[in-house]
Asker: 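Dropping a structure here in structure tokens format, bear with me for questions.
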Amino acid sequence: MEPPQREPGAAAAGDAEAGPAAKLDVLTLLRLREQMKQQLMECSATVHASEESYPDHIIEEKLIKTTTEDLEREMEEVKVSFQNKTLVLQRIQLMDALRNKVKQNDDDSRLILETMKHIIMLSTAILESQQQAREMEEKLNDIKKKRLLLKQAGGNKLLQIHTTMKKQKKELASMEVGEMLEKIRNNLQKEKEMTTLIQNIFQNIIIGSRVNWAEDPSLKAIVLQLEKNVSFL
Amino acid sequence: MQRRQSSKNSKQPLQVRHSNQTDLSAWRKGGRTDPEKSLQNRQSRNSQVNESKQDSLEQAVSYFEKVQDRVSLKKNEVLQKHLATVESIALQKGLPPEAFDVLLNVALSGKLADAVNTRLLKSLIPASVIPETSVVSSVSWLCVSKCSGSIQLLFVRWLITVFDFIDHKEQLHALYGFFFSFLQDEKMCPYVCHLLYLLTRKESVKPFRIRRLLDLQAKMGMQPHLQALLSLYKLFCPELVSITLPGKMKTYFKNSEGPWKAAINTIRRRNQENSPVSQPLFLGTAQHQSRKRKWNTQLVIPASSANTNSLAGDKEKNHVDLYSTSESFPVEQLQTFSQLLQNIHHLEFPSQMGSVLTNPLLLHYMNCIKDESIYLRLYYWMGQTLQEECSWCVVDSNQYEEEFKDFLETIYKTECFLQEGFSSCEEFLYKSLPLWDGFCCRSQILRLVTWIPLSSFSEMKSHLYDPLAQLFFTSSLYFKCSVLESLKELLQNWLNWHVIQLDSESDSQGYSLNTTLSGLVNVVAELIHFVGWISTVALRLESNATFLLYFILDFYETVCDIYLRYNLPLLIMPPAGVFYPALLSMDSVSLNQLCYIMYRYRTNLVAAKENELIKKKILQFQFSSQTYQEYNQYIIAMVGCLWTSSAFQKDIHPQGVRLDDEVLKKTRVQEFKTSFNIVYHPAMMGYALLFLQQAWPDDNTFNFSLIKGRKWNWYLQYLYAQGLKGLKLFIESSINRVSRASQSKEGNVQV
Amino acid sequence: MDETVAEYIRRTVLKIPRDEIKSMLQTWGFLSETQLQTLNFHQTKDNISQDVVQLCEDNSADIKQAAVLDIIYNHIYPNKRIWSVYQMNKTGEETDFFDLTDFKKKFKRRLQSALKNVTINFREYEDNAIWIRIAWGTPYKKPNQYKTSYVVYHSQTPYVFISASVLRSTLPLLCQALVVASNYHDIREMELRSHCLNSLKDIAFKRYSQTFQTYYPRPLQERNVAPENVDLRIIQENRSEKERIQRVNREVFGDGPQPKLEFAQYKLETMFKSNPKMDVLDIKEPFRCLVKFSSPHLLESLKSLAPAGLADAPLSPLLTCIPQKARNYFKIRERKGFFPGSFVSP
Amino acid sequence: MAVVRPFDKLPALNSAAVLLVGSDESLQQKLAEAILKEKKNFKISIHLATSLPLPSERDHLRPRIDLIAFMIDIKSKYSLKNVEASLAHVDASFFLGKVCFLVTGVGRVNYCSVEMNAIWKLGEVYCSPVLYCELELEGIRVATAQRLLRMLQICAGHIPGVSALSFGLLMRNSADE
């Protein structure tokens, strides 16, 4: 692998770190090592893949699909297990090194101690706020539940209102009403239908007559009444 | 060639005849404008318009007013000049309310040639508002139908586009019959339907009109605009309209915006630019003037014409005429909550459904209404507006992203108020998420996601999870965390909604037909599995970032309590890809949260076990033995790590941390066994160091192995004192203390 | 002063953009400086035109002077009219001396003999172009000043640029008069029409320009590639292809700005050929269709097609030959030879 | 003409190369500049091409291409045809997570002349993710550049534990399952 080429031309701000001036500290070296391992793995995977001998007889499509799915799931599980195990090993070594470093009692270890204290202080603060957040969320959830209850209660109430109104109307209608009151109500109803009909006919007449009713204020006033539903005017 | 007579009088300037009808200042006195509005008009008119432009408009208007008929455009220069002035002023600042009456009458009276009429109609762009009287008189000219068919069509299209600008709608409603009569004209039918759709009220639905629509439909076939009108009639009077209508009609009406919409937008933008204080629209409320005329006036109920005192009159009359059909209470006059309560039984929603979103009174009403038609009309309008204004789907509305954000914010607040998601919003998300770049209006969109309603037949998988996952994997750490947070809120909203539905089991509406319990449980489970999958991948992509871990565990904090707190028979353990990085995390907060979660899982599982034994089986839906087994594996691993330092042999989870000794020896660490107990755990190292400093102040060799026996318990108490409550709960619940002295506590709860 | 003249002057002034009215009136020279001072050029154009008419009435202007103002206006804004190019040719080789007055006299006599009422104005400009404005009348009617024809004739060249009047019938008479006045043999329309007079001149003269210095200087040295801040991390893979396209483009279209044409029209009468033999179309009937390319600046847009990657270079000769052939109307007929499309003069 | 192969050259240290293929050169240039502006800790080289195959005379200069982004503009059928033609010149193993389709012009859905499921089918057939964006808008261009960068890092093997193949699988998994 040839060394990273010199960065020709002005390195945009984004690339400062990859420039020649980047001091190759341990972290970048570690990262590069990881990169190369990953690239090596991929290259070797393709090499193996190309060596695979393909089965001569044709396998029907569905079988391939199901096997690929199983293999994918299996690979996923193996990957997770691999990652958990590497994590364990890395953390064991890391902590062991950290503990030894702290034991040496030089200014580095003091620095580690300082940062550790700071981390602890921050963690306790986080824990506290997390606890408060949990309580707050609890309250919020209760409020939400109450809101939903109220919503339903409101809905039911409105239904009740409508039903009672309808019942009231029916009662009124079916109330033991004198013959005369009934007759009055019927012909009132008939009158209403007549008027709506007349209104409509009148509208059509005006339209048919092609007269410019807006110019004559009285006609206009009438026209504007023709849509009003008849009730106790 | 004898000279045209007109060029002679071009010499002396046209004097403006001050007859009452055209005198523009006289106009304002006539109308029923209350002082506040006219002051506002005069003020806006003087400030904006300089003298010369204004009077040439007046000249033009008065010229049109008295022009004789049959004047041909080509020969008559004066007519051309005036027409040009009208057009230029209309395009620059829009026409003042007074000009409409004259221009409409001229255009529709058929006096002039069609070319002039079309140009006149096309320049009818309102600066602020259109007086209703001018519209009424133009409708009457329409009835006279002296002008050609195309002019009538153009007039109707104009009326639809500027419908929201007409100051009052009372008289327009009164002319419903007249508009209805224009239905039989083949070409005008679609636009007249649209106009009627805007004008229809409960009382305008009449049997003979329904019959008329049905014959039209029979004659012209299933036209979408007829369909829309019929479906609206059906909503108002279901008993009258018997035929069945197809469910959701995608686009009801043809787009009739024409040239006016663009001009109105430019004027609106210009008004906004040069007057920072957004000029409140004539409609009374000084609500923030947003760009899109469509949904800003929609968000404001048009000021009603009837003044409030007439309302008092209605009150006494009201309770007497029980016989009268429930004539609906005009919602525009709704001012106080008590009014709402009194008239709640016959309240009718305004024609512009958008205004509901910002009117708290109507929201209260909507909160308890169960009437499908209200929601249908709101969804239709909201879906339409969201579709048009989406700033990353429609490039040219991108510069109005701010307004679109406000609009989404309004919708979100309404959903929070109603504690319920809008299905039109859900559809909009499904349509626009695949095209979303994860950047535009991010916080609003993610908040809207939290209110996607829970229904067992939703195709969340293909519509929400896929686009979200594609964005999730290729986006920054912060986007990942915000997505996890909104999915957590979505889960909580679902669970809250479910809990209430469950309680109201009694009333039948609890579980409406399409949401069965098992259906809901599957949908919730699908969401939890989805989050588990994307969290595992995210941890791998972001190499176990603590910040990300916090949000993932936060999500599982809700999941672990589903059974106890939300009464949903469902318990899903976090996948191994989430559990182990959390268990081995370098950060004490994550470890503590994991312990808390495992403790909650334990209580839920125990409670489910007991219920299972006592109650009958029905609750037992998702509780497969697999969940218990997974829980036990995790507990063994956890106790093995934290307490008995035996995880590397005992962990039976396939993806666990079981490692044989040679591998562990390769790490060249002597006692690797104890490297994850509470003393040596990476997350606990800080606490151990501080404890050592306190316990052995003089000895600064930090010998960790000193912490054993009694010191171990002191250390434990020290940890509890540091606020690690989760750890405390976990240890006290999962590790039964056989004896205080012996260190190797073996204990896990075989559940 | 006659009413029509007043109205005509008023209308001409109205056409002029407000901030140029003063300079045009000065070039017109009909109103004295003092009179010009009295004019307030900041009021609306209506009022300015009224005042100008007022002043002209004091000087009792006649139609001739009004016409001069119109010529000045059209000279500054030629693009308002559509011009077409005519070429005159003579039989013999005699290169006689061109005399302007003789030309004017003959031209006027020719027209006036045919039509009694006609207003003719001549105006010479520095690039020895002669602008002629003709308002056509009939023996019984006064000339209509609103439907004028314009002729721009460069005496050294056989080219005449005519913007015909709406009255179509006047064109043959006009051409005849030109031929006689400039003692050429006959005149032919060159199928080249555009709004931009200067571009028409570029095209016409360039063709003719073998003997003349080309109208616009062609930069000779190699165009240096603009040193835009080429960031080495962006690599154009098809750089060589891009350079080839640039080179081809330069060869075909040249470096300088292209003459401005608005459209090119192709009448096709060719057989329909398609590689999968479509037997249904095998009838021997030629396929008649009209193809029209239009754009605010046609040649410039054609030139930018290839670099923008929308077409592959070089463009078909049918498009690139427009300036050389000096025509934007083509008729393409089936060629007997193997050449697919060929073009034959009308 | 050289068929573009993913593993025919050794990767340069801490660097990655992306190849943008599309007929709309101005948008390509703008996207490239947006990518360059993003902060990154590796050396990137962006290759712009109107179509494939790539002119062979530059083969020796060209580093290993880690990711190919085909840019399709839904407003022009020509861009889709151009991409479909270019796909033939890409080695099959490239389609294991090292190819993606960038569909722009989405903001102008009403001028869309290329129907959407033709593109969806393309993603299906070539098992590669399809990213929708509107490159004309500055904000969206920056966001797309960031997304491309993250995919490039994975394809170039800069993210330990995540290979291009597995990532391709993830993007496809979410798309078609």
Side-chain angles (χ1 to χ4, degrees), chain A residues 77 80-81 83-85 87-89 91-96 98-99 102-103 105 113 116-117 119-120 123-124 126-128 130-131 141 144-145 147-149 151-152 154-159 161-162 165 169 172 185 196 200 203-204 206-207 210-214 224 226-229 231-232, chain B residues 136-137 140-141 143-145 171 173-174 176-178 181 203-204 206 208 321-325 327 344-345 367-370 419 492 496-497 499-500 504 507 536 540 576-577 580-581 584 588-589 592 654-657 659 667 669 672 675 680 682 685-687 689-690 700-702 704 722-723:
Chain A
E77 275 155 19
V80 168
S81 139
Q83 254 146 15
N84 288 345
K85 291 174 169 64
L87 197 61
V88 163
L89 295 175
R91 294 259 160 95
I92 293 176
Q93 289 176 307
L94 176 66
M95 294 318 290
D96 190 57
L98 206 58
R99 268 190 286 278
V102 164
K103 286 195 170 60
N105 205 343
L113 258 177
M116 280 290 178
K117 282 205 187 73
I119 290 175
I120 299 299
S123 310
T124 28
I126 294 173
L127 286 170
E128 245 153 65
Q130 200 179 20
Q131 190 54 30
N141 253 345
K144 278 189 180 172
K145 283 192 195 129
R147 285 299 297 274
L148 280 170
L149 279 173
K151 184 184 169 76
Q152 256 180 1
N156 300 345
K157 275 287 168 294
L158 193 61
L159 274 183
I161 293 174
H162 280 303
M165 290 296 280
K169 272 228 174 59
L172 259 170
R185 219 172 61 71
T196 23
N200 184 32
Q203 266 181 356
N204 291 337
I206 293 179
I207 296 168
R210 291 185 194 285
V211 76
N212 184 349
W213 42 265
L224 292 181
L226 287 182
E227 198 58 39
K228 223 159 167 6
N229 263 6
S231 65
F232 280 97
Chain B
V136 168
S137 60
S140 92
W141 273 111
C143 300
V144 174
S145 76
Q171 293 182 348
H173 285 299
Y176 192 88
F178 286 79
S181 68
E203 74 227 22
S204 28
K206 297 232 170 47
F208 55 85
D321 59 10
L322 278 174
Y323 277 93
S324 76
T325 56
E327 152 255 299
I344 200 156
H345 54 283
N367 201 8
C368 45
I369 191 118
K370 293 251 183 317
Q419 287 293 308
Q492 278 174 339
N496 283 332
W497 184 81
V499 165
I500 303 301
S504 65
D507 87 53
T536 324
R540 197 180 308 145
Y580 282 97
L584 311 168
S588 60
V589 172
N592 176 56
Q655 284 104 41
V657 286
L659 292 160
T667 60
V669 169
F672 44 77
S675 52
Y680 290 91
M685 177 157 177
Y687 295 103
L689 283 172
L690 292 183
N700 47 29
T701 58
F702 297 114
F704 286 79
Q722 293 298 325

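So you know, we letter chains A, B, ... as the sequences are listed, proteins then strands, and number each from 1.
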Asker: At a heavy-atom separation under 4.5 Å, does Asn84(A) approach chain B through its side chain, its backbone, both, or neither?
Answerer: both
Asker: Given the options Leu94(A), Val102(A), Ile119(A), Asn204(A), which has more heavy-atom pairs under 4.5 Å with chain B than any of the others?
Answerer: Val102(A)
Asker: Tyr176(B): what forms a side chain to side chain donor-acceptor pair (under 3.5 Å) with it, not counting sequence neighbours?
Answerer: Thr200(B), Tyr233(B)
Asker: What heavy-atom pair brings Thr196(A) and Lys206(B) nearest, and what distance separates the two atoms?
Answerer: CG2-CE, 3.6 Å
Asker: Please find the pair of heavy atoms, one from Ser675(B) and one from Ile92(A), that lie closest to each other, and give the distance.
Answerer: OG-CG1, 3.5 Å
Asker: State the CZ-CG distance between Phe208(B) and Asn200(A), to the nearest 0.5 angstrom.
Answerer: 3.5 Å
Asker: Relative to chain B, which segment of Ile207(A) carries a heavy atom at a distance below 4.5 Å: side chain, backbone, both, or neither?
Answerer: both
Asker: How long is the span from the CE atom in Met95(A) to the CE atom in Met685(B), to the nearest 0.5 Å?
Answerer: 4.5 Å
Asker: With a 4.5 angstrom heavy-atom cut-off, which part of Ser204(B) approaches chain A: side chain, backbone, both or neither?
Answerer: both
Asker: If you count heavy-atom pairs under 4.5 Å with chain A, which of Ala174(B), Ser140(B), Ser181(B) comes out on top?
Answerer: Ser140(B)
Asker: Heavy-atom distances under 4.5 Å only: say whether Asn212(A) touches chain B with side chain, backbone, both or neither.
Answerer: both
Asker: Sort out for me which of Lys117(A), Gln130(A), Met116(A) touches chain B most, counting heavy-atom pairs under 4.5 Å.
Answerer: Gln130(A)
Asker: Does any backbone or side-chain atom of Asn496(B) lie under 4.5 Å from a heavy atom of chain A? Answer side chain, backbone, both or neither.
Answerer: both
Asker: Considering non-hydrogen atoms only, spot the tightest contact between Arg91(A) and Pro682(B) and give its length.
Answerer: CD-CG, 4.2 Å
Asker: Considering only heavy atoms, which portion of Leu659(B) lies under 4.5 Å from any heavy atom of chain A: side chain, backbone, both, or neither?
Answerer: side chain
Asker: In terms of heavy-atom proximity below 4.5 Å to chain A, should Gln492(B) be classed as side chain, backbone, both, or neither?
Answerer: side chain
Asker: Tell me, out of Leu584(B), Thr536(B), Leu689(B), who's got the most heavy-atom pairs with chain A below 4.5 Å.
Answerer: Leu584(B)
Asker: Based on non-hydrogen pairs under 4.5 Å, which of Glu128(A), His162(A), Glu77(A) is most in contact with chain B?
Answerer: Glu77(A)
Asker: In the structure I gave you, are the side-chain heavy atoms of Ile206(A) and Phe178(B) within less than 4.5 Å of one another anywhere?
Answerer: yes
Asker: For Val88(A), is it the side chain, the backbone, both or neither that has a heavy atom under 4.5 Å from a heavy atom of chain B?
Answerer: both
Asker: Where on Gln93(A) is there a heavy atom nearer than 4.5 Å to chain B: the side chain, the backbone, both, or neither?
Answerer: both
Asker: What distance do Ile500(B) atom CD1 and Lys144(A) atom NZ have between them, rounded to the nearest 0.5 Å?
Answerer: 12.0 Å
Asker: When you compare the side chain of Tyr680(B) with that of Arg99(A), does any pair of heavy atoms fall below 4.5 Å?
Answerer: yes
Asker: Checking Leu158(A) against chain B: side chain, backbone, both or neither under 4.5 Å from a heavy atom?
Answerer: side chain
Asker: Specify which of Leu148(A), Leu89(A), Ile126(A), Leu159(A) makes the most heavy-atom pairs with chain B at under 4.5 Å.
Answerer: Leu148(A)
Asker: Non-hydrogen atoms of chain A under 4.5 Å away: do they reach the side chain of Ile369(B), the backbone, both or neither?
Answerer: both
Asker: Tell me, for Ser588(B) versus chain A, whether the close heavy atoms (under 4.5 Å) come from the side chain, the backbone, both or neither.
Answerer: side chain
Asker: Tell me the closest heavy-atom pair linking Phe704(B) and Lys103(A), and the distance in Å.
Answerer: CD1-NZ, 3.9 Å
Asker: Kindly say whether Cys368(B) contributes a backbone atom to a donor-acceptor pair with the side chain of Lys151(A) at under 3.5 angstrom?
Answerer: no
Asker: If you measure from CD on Gln131(A) to CG on Asn592(B), what distance do you get to the nearest 0.5 Å?
Answerer: 9.0 Å
